[in-house]
Amino acid sequence: MVHDKPLTPDQLAAIVARDIPEGAYVNLGIGQPTKVADHLPAGSGVVLHTENGMLNMGPAAVGDDVDPDLTNAGKVPVTELPGASYFHHADSFAMMRGGHLDVCVLGAFQVSATGDLANWHTGAPDAIPAVGGAMDLAIGAKQVFVMMTLFDKKGTAKLVPECTYPLTGVACVSRVYTDVAVFDVGPSGLSVRETFGTTIDELRERLYVPLEAAAG
Amino acid sequence: MVHDKPLTPDQLAAIVARDIPEGAYVNLGIGQPTKVADHLPAGSGVVLHTENGMLNMGPAAVGDDVDPDLTNAGKVPVTELPGASYFHHADSFAMMRGGHLDVCVLGAFQVSATGDLANWHTGAPDAIPAVGGAMDLAIGAKQVFVMMTLFDKKGTAKLVPECTYPLTGVACVSRVYTDVAVFDVGPSGLSVRETFGTTIDELRERLYVPLEAAAG
Amino acid sequence: MGRTRILETADEAVAGIEDGSTVLVGGFGLAGMPFDLIDALIRQGAKDLTIVSNNAGNGEVGLAALLQAGRVRRVLCSFPRQSDSYVFDELYRSGRIELEVVPQGNLAERMRAAGAGIGAFFSPTAVGTPLAEGKEQRTIDGRDYVLEHPIKGDYALIGAHRADEMGNLVYRKTARNFGPVMATAASTTIVQVGEVVPIGSLDPEAVVTPGIFVDRVVRADARHYTVQGAR
Amino acid sequence: MGRTRILETADEAVAGIEDGSTVLVGGFGLAGMPFDLIDALIRQGAKDLTIVSNNAGNGEVGLAALLQAGRVRRVLCSFPRQSDSYVFDELYRSGRIELEVVPQGNLAERMRAAGAGIGAFFSPTAVGTPLAEGKEQRTIDGRDYVLEHPIKGDYALIGAHRADEMGNLVYRKTARNFGPVMATAASTTIVQVGEVVPIGSLDPEAVVTPGIFVDRVVRADARHYTVQGAR
């Protein structure tokens, strides 16, 4: 499908889902990334991990399927698919930290040109700090995808030369999916994989980071 | 029972068994220490650990009970008691290293006056080194009991000022059970808990370590 | 068999917890939270506690109730702030409670290290972030790590699904979460379970927490609160 | 589901193992040893291998046969010397094989660290002994530790009892031993199992090795040799 306008959140989730390899083990962060599950094609063989101790998590539970002993990392009741397994927190985070997950999809406040991630703290002095699994997830997969709008409500870019918010992880993001473009983070900088209702030149005008067109 | 002669190996095993607290979790090393199991009284509630991944190990298997998938650390077929559990090697050694076992009973070549243990290597230059779980066991219980004859076949003492064989662990032995006496290893040195067919004064003559009589 | 004691009441189970203790409290949000043990701890009266738990309480039940009773001096957790963590929020903002925020995986691994006799370990989590400030760093094989130390509990209060009379435990679904790790990391582990079964009833291949890690067990009906909040 | 491949033959399962690879081989003595995979590896021909296993072979089967075929340059293990380790003994005494002796618990924990993304850890095991020589030491909270580094495998060859079609594994009794740890520590994990069952046949609470750690599975009849030797 050709997108000639900025993506809706659902369209963005579908684009991320499209790029997840068949049979991949994937952790979807809380919030927007959760939507990706709804767009995985039948037969994708993708296995969802939730860091509170489960592989092959199913969709959100409704009605009689709600079980207080079965939730995802956002503490929302979920279901179990055949072939699931349960494990404790040390094993679950060992699985992430050890690089066994193929893909992790996270939200972000900011991503830097070198793949630094800021998604846990706005730096506001009166905020109660709370990190959860964010820092473990940031370094916890072979590929870390970020999903976010490219600009905040005031029009400020969230893909930046250097993060101004406190970091979650350093040089950990491999790809950034936004409503107007998808960026690869590589050793030589950012490249634009595709655009939605914009052009690389327009992006160059609005961002303070160097952009290449993706090869191939 | 009063023993007025040096103990046989079975009598020594019985003395060790007598001193294991009710309900204790215990690892019995390969060789002589294995015999201790035969002398634990019915209803002692003692639970045996084998470091190859099992709690509540039963006696050696015979006949049709032999199962190649169920062995002790000496690779001898054993049995499973009700209430057993299985776990992998990292969990099994974490259990030991973390200090969760109450007692570990080991053989020794030498024990020093400060509780250093030598039981894995004679230091012979042509020996193929092999340590197994010896060094993990040496530091892997709240109390480490050694079982050995006090003198080797040539009459040389095995309880020594300092070990001359390569060490297995430093200051790790809490008590030494021998055929002629039982010694506590304390912060202020060795004390004699009981003797079998000898006296503290005779022991003082034959050993090069200071000996106290145990209090109380 | 073993030294696990099966007790009649939650009050007996939490007897002897001293003022100033470090208490590991199981549960991820409300899943796996040992409500009866926490309520008994409130009745028991121990104060000046350090609590280690993933969250800092939800609503006014469980851990939140313990905080509300003013018994907690300090919390180590990964995610205090939730949609319904108003009890903690109020204590924190008014300076009546200390907080150490620990990334969730480091929290689990630090307790695992305590239980496994590991002196310290190099973790890649939090490198280059404010939570690594002041900690020793090292590059190993080209990757950066932060040195993390064990978190040991005087007591652990956890929930499990079933115990046999030796204290062997099995859990249920994602309520397993921190229970098995905390059971290894505390000097005294106290467990509430939905059911106590005779020795020999649990499959030895499926025991998650062997009884060696369990000191006291009490049966208690599960109390479930479904709260949907941020982690 | 997932990316585990269920293969027809052990030869397919070990395809592609390169000369010079580090191969973790499961089993404690003969219990849990993946005989069919090792035999297939001998046929496959990879040489100059580094083998990580608790022992260095018994009799002339399994690991001992691989050593006898001259494919192994180096062995990391805790206990090479056994009553029936004559194949290894002869290679070692004639200088045709290198040996690194690692205490059994450090061996397991170093592989666990590799699988868990831990850069290094301080272990109390072997402090003050010849096996700690040349290693960094540190006193933490009054106790002495030695710094130990991960052991990562290019491949793991392990035995398990049952796999489902997603590669979830359960083991049998003490044949579990190193299998679950090695499965996490290798880039490619290859498993021989007694039975492959449909997805949904294994109890999710009792899965020991989740399929995420398993790349290739082949069914093979268990071969049992009961050997009584020193550990």
Side-chain angles (χ1 to χ4, degrees), chain A residues 20-27 40-58 67 69-70 78-104 133 135-144 169 172, chain D residues 1-6 24 108-121 150-154 156 160 162-171 180-189 196-217:
Chain A
I20 291 179
E22 201 175 305
Y25 286 88
V26 177
N27 185 299
L40 291 168
S44 72
V46 167
V47 179
L48 296 183
H49 171 260
T50 181
E51 64 266 30
N52 52 319
M54 180 188 195
L55 276 169
N56 223 14
M57 177 177 66
D67 179 339
D69 282 346
L70 180 50
V78 292
T79 52
E80 167 190 305
L81 296 179
S85 55
Y86 295 101
F87 29 85
H88 61 61
H89 253 74
D91 279 351
S92 185
F93 281 82
M95 194 181 283
M96 298 207 311
R97 197 190 307 109
H100 303 283
L101 292 177
D102 297 296
V103 178
C104 181
M135 291 185 182
D136 308 280
L137 287 157
I139 56 108
K142 295 187 186 82
Q143 291 196 77
V144 173
C172 56
Chain D
M1 303 283 284
R3 34 181 170 60
T4 307
R5 291 188 300 141
I6 312 290
L24 318 179
E109 188 71 11
R110 289 173 65 184
M111 288 191 279
R112 194 259 174 198
I118 299 298
F121 61 92
I151 299 173
K152 188 160 179 55
D154 298 305
R162 283 198 186 94
D164 72 13
E165 290 163 343
M166 286 180 67
N168 292 307
L169 304 180
V170 293
Y171 300 82
V181 184
M182 289 179 170
T184 71
S187 302
T188 301
T189 293
V196 178
V197 298
I199 293 176
S201 309
L202 298 180
D203 178 359
E205 304 283 1
V207 168
V208 174
T209 295
I212 191 172
F213 297 116
V214 176
D215 297 281
R216 308 176 196 168
V217 171

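Every value quoted in this text rests on a predicted model; they were computed, and no experiment measured them. All chains are named by letter (A, B, ...) in the order of the sequence lines, taking the proteins before the strands, and each is independently numbered beginning at 1. Side chains included, hydrogens not; waters and symmetry mates left out as well; all remaining heavy atoms used.
Among Ala114(D), Gly200(D), Ala185(D), Gly2(D), the residue with the largest count of heavy-atom pairs under 4.5 Å with chain A is Gly2(D). Interface remark: of the candidates Val208(D), Asp203(D), Ile199(D), Ile199(D) forms the most heavy-atom pairs closer than 4.5 Å to chain A.
Of the possible polar contacts, none joining the His100(A) side chain to the Ala116(D) backbone as a donor-acceptor pair under 3.5 Å is found.
No part of Leu202(D) comes within reach of chain A, as not one of its non-hydrogen atoms sits under 4.5 angstrom from that chain. With a 4.5 angstrom heavy-atom cutoff, Glu22(A) does not touch chain D via any of its atoms. Proximity to chain D (any heavy atom under 4.5 Å) is shown, for Ile139(A), by neither the backbone nor the side chain.
In terms of heavy-atom proximity, Val207(D) sits nearest to Ala84(A) at CG2-O, 4.2 Å. Residue Ser85(A) comes nearest to Asn168(D) through the heavy atom pair OG-OD1, 4.1 Å, listed as atom of the first residue, atom of the second, then distance. The two residues Pro82(A) and Met166(D) make their nearest non-hydrogen contact at O-SD, 4.0 Å. Of all heavy-atom pairs spanning Met1(D) and Val47(A), the tightest one is C-CG2, 4.3 Å. Contact between Ala94(A) and Arg112(D) at its shortest, heavy atoms only, is CB-NH2, 4.2 Å.
In this structure, CG on Leu55(A) lies 5.0 Å from CD1 on Ile212(D), to the nearest 0.5 angstrom.
The shortest side-chain heavy-atom distance between Met95(A) and Pro210(D) falls under the 4.5 Å cut-off. With a 4.5 Å cut-off on side-chain heavy atoms, Asp102(A) and Arg3(D) count as touching.
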